[in-house]
Amino acid sequence: MTSSQVAPNVRARITLDPLGLEEPLERLVTAAQVAQVWALVLEAQVSVGTADPSDEHAMHMAQEEVRGNARTYRSVQLPSVIHQLVLMAGAADLVQSLYEGSVESPESVASFLGELMPIFEEHEQHARDLADKYETFSKETQDRLAALAGRTHAEIKKISGDDGRIAAKTKELEVMQEEVRKDLDAVISASHKVGSGARKILDTVLDIFKDAAKKKGEDDGKSKKEKPSSGEAAPESSEDVHEGIEDITAGAIGAALQKLRRDRAKVEALYREIAGLKSELATVKKIDSECGAYGRSVRDVMRPAQEIADTWARVVTSFAATLEEQAKKNDGGAWLATEISWSVIKWKTIQDQAERLRATVTGN
């Protein structure tokens, strides 16, 4: 939209002021820098794996499209903003030249302004081009991000299911934890049984020693111990006791402990699997969030760019109206010279702002 396309029912102001270009210019640069940060983040961090190897190529291509878009922003769109700042400073230089001409030759200042009008109109067109370029770029950005978002959301669903999260416990983990509990009970039970059997054997050992002490005197003169009569149990020897302990402990605790270790290892593996899924899900969600932030940041550049283009249209229209107003007067350009002397101060503010913002963006 050029100055001739400004709504006809809006009366043009008679002034050479910048008409509020400062605010949208500040917002434009702020938004452009935010988008630059997110573009750098996307270039460096967009990397999502796929659960299904057959999806890997499509995911890679979608990510490359987004990375390419971020690179384009930094190599093309951001320099366009810097160029706009340069044009703003140049427009302020033109107004300064008008002012100097009005001081030296007030009678020719109207002619000088008429000659400069095409340059101001070019500045307006540059601002309009910037707004249109950002609108096109923003749409392209949204399309590419939407394609990647579709794939990342599919991966999120594959990893976590419909609720978009990894449960702290799975059914399989609960079953394995119950198995471990049973295994532990088995170890305890086996220990109790062994403890009871060991006490019984120790009691037998004690009885053996008591019986041996009792019969020591009786058997002193005998060269050979009498054999027990049929039906009478022979007292256990120390070898019998050792064998009894081995029988009681053989495999009982060992088997229970082995099963406990095996099932505990399965539980730990399940915990690691859940932790891995949580980490993978967090990564995909983080990238999805960063892509969304980048998309919003690019859209945020559009509004101030549009505002600057619209304001430039009003500026050029008001310049033309001011020139027409001077033509009605017969004062040798004195009125127009006064208007320029007031406006040049405001344009100097625009120039200082543009140079400050350009240094902020470029770093020098």
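The stretch residues 16-31 participates, sequence neighbours left out, in these salt bridge (Lys or Arg N to Asp or Glu O under 4.0 Å) pairs: Asp17-Lys346, Glu26-Arg356, Arg27-Glu307. Residue pairs satisfying the salt bridge (Lys or Arg N to Asp or Glu O under 4.0 Å) criterion with at least one member in residues 80-102, sequence neighbours excluded, are absent. Sorted by first and then second residue, the salt bridge (Lys or Arg N to Asp or Glu O under 4.0 Å) pairs involving residues 28-49 (not counting sequence neighbours) are Glu43-Arg74. Applying the salt bridge (Lys or Arg N to Asp or Glu O under 4.0 Å) test to residues at least two apart or on different chains, the pairs with a partner in residues 270-289 are Lys286-Glu290. Within the structure, ring pair (Phe, Tyr, Trp, His ring centres under 6.0 Å) pairs that include any residue of residues 135-174 do not occur (at least two apart or interchain).
His83 is linked by a ring-ring contact (aromatic ring centres under 6.0 Å, His included) to His126, counting only residues two or more places apart in sequence or in another chain. The side chain to side chain contact (heavy atoms under 4.5 Å, CB included) test applied to Glu104 returns no partner, not counting sequence neighbours. Residues that satisfy the ring-ring contact (aromatic ring centres under 6.0 Å, His included) test with Tyr99, not counting sequence neighbours, are absent from this structure. Applying the side chain to side chain contact (heavy atoms under 4.5 Å, CB included) test to Val76 and every residue at least two apart in sequence or in another chain returns Thr72. Remark: Tyr134 engages no residue in a ring-ring contact (aromatic ring centres under 6.0 Å, His included) (not counting sequence neighbours). When the side chain to side chain contact (heavy atoms under 4.5 Å, CB included) test is applied to Arg67, the partners found at least two apart in sequence or on another chain are Val46, Ser47, Gln63, Glu64, Arg71. For the side chain to side chain contact (heavy atoms under 4.5 Å, CB included) test, residues two or more places apart in sequence or in another chain that qualify with Asp143 are Lys139.
With a 6.0 Å radius and a threshold of 12 heavy atoms from other residues, nucleotides or ligands, Lys329 has its NZ atom above the threshold. Other residues, nucleotides and ligands contribute over 12 non-hydrogen atoms within 6.0 Å of the CD atom of Glu140.
The hydrophobic cluster containing Leu113 also contains Trp335, counting ILVMFWY residues as joined when their side-chain heavy atoms lie under 4.5 angstrom apart, directly or transitively. By the rule that hydrophobic residues join a cluster once side-chain heavy atoms approach within less than 4.5 Å of another member, Val361 and Val298 end up as members of one cluster. Following chains of ILVMFWY side-chain contacts shorter than 4.5 Å, one can reach Val95 starting from Met117, so the two form part of one hydrophobic cluster. The cluster map of Ile, Leu, Val, Met, Phe, Trp and Tyr, joined by side-chain heavy atoms under 4.5 Å apart, puts Phe112 and Val103 in the same cluster. Note on Val315: it clusters hydrophobically with Ile345, by side-chain heavy-atom contacts below 4.5 Å among ILVMFWY residues.
Under the 3.5 Å distance criterion, the side-chain polar atoms of Thr322 are matched with a main-chain donor or acceptor of Thr15. Arg144 contributes a side-chain N or O that, together with a main-chain N or O of Glu65, makes up a donor-acceptor pair within less than 3.5 Å. Using a distance-only test at 3.5 Å, with no hydrogens or angles considered, no donor-acceptor pair links the side chain of Ser279 to the main chain of Gly276. The backbone N or O of Val284 sits nowhere less than 3.5 Å from a side-chain atom of Glu155 that would complete a donor-acceptor pair. Ser108 contributes a side-chain N or O that, together with a main-chain N or O of Ser105, makes up a donor-acceptor pair within less than 3.5 Å. Listed for the Ser297 side chain is no donor-acceptor partner under 3.5 Å among the backbone atoms of Val34. Remark: side-chain polar atoms of Ser160 are paired, donor with acceptor, to backbone N or O of Ile156 under 3.5 angstrom.
Shortest non-hydrogen contact noted between Val301 and Ala35 is CG2-CB, 4.3 Å. Between Lys158 and Asp52 the shortest heavy-atom distance is NZ-CB, 4.0 Å. Tyr73 and Pro79 make their closest contact through O-CD, 4.2 Å (heavy atoms, listed as atom of the first residue, atom of the second, distance). Contact between Val267 and Val180 at its shortest, heavy atoms only, is CG2-CG2, 3.6 Å. Here the closest non-hydrogen pair linking Met176 and Asp263 is CE-O, 3.7 Å. Shown here for Ile119 and Leu94, the closest heavy-atom pair between the two residues is CG2-CD1, 3.4 Å.
For the atom pair CG of Leu173 and CD of Glu268, the computed distance is 11.5 Å after rounding to the nearest 0.5 Å. Separation of atoms CD (Glu135) and CZ (Arg303) is listed at 14.5 Å; rounding is to 0.5 Å. Distance NZ/Lys348 to OG/Ser343: 15.5 Å, rounded to 0.5 Å. The CD1 atom of Ile287 lies 8.5 Å from the CG atom of Leu42; values are rounded to the nearest 0.5 Å. With values rounded to the nearest 0.5 angstrom, Glu355 atom CD is found 13.0 Å from Met88 atom CE. With rounding to the nearest 0.5 angstrom, the CD1 atom of Ile14 is 11.0 Å from the CD atom of Gln326.
Between Arg151 and Val48 there is no side-chain heavy-atom pair separated by less than 4.5 Å. At a threshold of 4.5 Å between non-hydrogen side-chain atoms, the residues Gln125 and Glu122 do not count as touching. Side-chain contact between Leu98 and Val344: absent, with no pair of heavy atoms (C-beta onward) separated by less than 4.5 Å. Side-chain contact between Lys259 and Lys182: absent, with no pair of heavy atoms (C-beta onward) separated by less than 4.5 Å. Contact annotation: the side chain of Leu19 approaches that of Ser318 to within less than 4.5 Å [non-hydrogen atoms, C-beta and beyond]. In this structure the side chain of Leu85 reaches within 4.5 angstrom of the side chain of Val29, judged on heavy atoms. Contact of the Met59 side chain with the Leu148 side chain is registered, since non-hydrogen atoms from C-beta on lie closer than 4.5 Å. Contact annotation: the side chain of Trp342 never approaches that of Leu16 to less than 4.5 Å [non-hydrogen atoms, C-beta and beyond].
Taking 4.0 Å as the cut-off between side-chain N and carboxylate O, Arg181 and Asp185 count as a salt-bridged pair. Salt bridge annotation for Lys266-Glu179: absent, with no cationic side-chain nitrogen under 4.0 angstrom from a carboxylate oxygen. Ion pairing between Arg128 and Asp132 fails under the 4.0 Å rule for side-chain N and carboxylate O.
Checking Arg314 against Thr317 by side-chain atom types alone, no donor-acceptor pair falls below 3.5 Å.
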Q: Under the side-chain contact (heavy atoms from CB on, under 4.5 Å) rule, what do Val66 and Leu145 come out as? Steps first, then yes or no, please.
A: CA-CA 6 Å; Val66 169; Leu145 289 172; 3.9 Å; yes
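Between Phe120 and Trp347, the angle of the ring planes lies from 30° to 60°, which puts this pair in the tilted group.
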